[in-house]
Visitor: 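Got a structure for you, questions after.
When a ligand or atom number is given, it counts from 1 through the structure's own listing order. No hydrogens, no waters, no symmetry mates; every other heavy atom, side chains included, goes into these values. These numbers were taken from a predicted model, which means no experiment stands behind them.
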Amino acid sequence: MDYTMEQYRASARAIQDRLGDFVPRAAMVLGSGLGYLGDEVENAIAIDYKDIPHFKASTAPGHKGRLVFGMLEGQRVAVMQGRMHHYEGYSYEEVSYAVRVLRLLGCDTLIVTNAAGCVNTDWKAGDLMLITDQIKMFSESPLRGENLPEFGVRFPDASRLYTPRLQELARQTARERHIPLREGVYFYCYGPQYETPAEIRAVRLLGGDAVGMSTAPEVIAAAHCGMEVLGLTLLSNMAAGILDQPLSEQEVLDAAAAAREKFSGLVRACLNKM
Ligand code: HPA
């Protein structure tokens, strides 16, 4: 279905009624097991997705399903604790709905985080990666359907989805904090099954460094409506077929828990400098 401008506005109004005169600036989408950053927001106002008109529930493990507004590192933030995924049964339009609502509320920046499989064999599980670009060419666009010109143009440029200025800020921040930061291309696969070893070989040939089931749709929608985007990935596991062992959700959540200090430290430090 195509959402209408009225629906986006109704969601934004319902949230604004709860926020009073608070205007968020940076939207953050927190991935699997990384939602704890939302618990560190000061003067927090939390709103469950189910209490916002037209919002979908977030059913994935490790995803709380609420928006937390408040201050983090001196910035006015809107934190999505849990995102919607295509594999949960949602269309890409539904997956990226919240991002557009946050844009209407005043957010001009989107920070996306995720856990992903590491395709690049020079790297290892537990490494952090700055997303420099993405590949999502084998599934439809969140912008499919009637274009809403209030958000952006029909055929948006996608040559700089991840804002170069914010990439540089993240590089610098990581250097200062002595956090090793890989850089690469996020390859979107829609899951929910993890990839086959043959698929991972294909992803590598096509230029992917990390593989995951989220992020790419929201980033397309965010760039379309003029938001600056920063993407950071926790490489939670080596992608399928690289090691002689099966992949599991537990491995992903354990890696997220283990990387907690490093990952949240980097995200917070970047936010601080924005
Ligand atoms: N593949 C896809 N999505 C993922 C992976 C993976 O290996 N790890 C975490 N999310």
Visitor: Mark yes or no for whether Arg66, through its side chain, and Gln81, through its backbone, hold a donor-acceptor pair below 3.5 Å.
Guide: no
Visitor: Do we see a donor-acceptor contact under 3.5 Å between the side chains of Arg9 and Thr4?
Guide: no
Visitor: Is it possible for you to check whether Arg100 lies under 6.0 Å from the centre of the six-membered ring of Phe151, through NZ or CZ, and within 45° of that ring's axis?
Guide: yes
Visitor: Do Tyr97 and Tyr90 have ring centres separated by under 6.0 Å?
Guide: no
Visitor: Side chains of Asp209 and Val119, heavy atoms from C-beta outward: is any pair under 4.5 Å?
Guide: no
Visitor: Enumerate the protein residues lying less than 4.0 Å from ligand 1, judged by heavy-atom distances, in chain and residue-number order.
Guide: Ala115, Ala116, Gly117, Tyr194, Glu195, Val211, Gly212, Met213, Ser236, Asn237, Leu247, Val252
Visitor: Name every donor-acceptor pair, under 3.5 Å, that has one atom in a side chain of residues 124-139 and the other anywhere in the protein, sequence neighbours excluded.
Guide:
from	atom 1	to	atom 2	distance (Å)
Lys124	NZ	Asp127	OD1	3.0
Asp127	OD2	Lys124	N	3.1
Asp127	OD2	Arg182	NE	3.0
Asp127	OD2	Arg182	NH2	3.2
Thr132	OG1	Gly184	O	3.2
Gln134	OE1	Tyr162	OH	2.7
Gln134	NE2	Ala216	O	3.2
Lys136	NZ	Ser139	OG	3.0
Lys136	NZ	Glu140	O	2.3

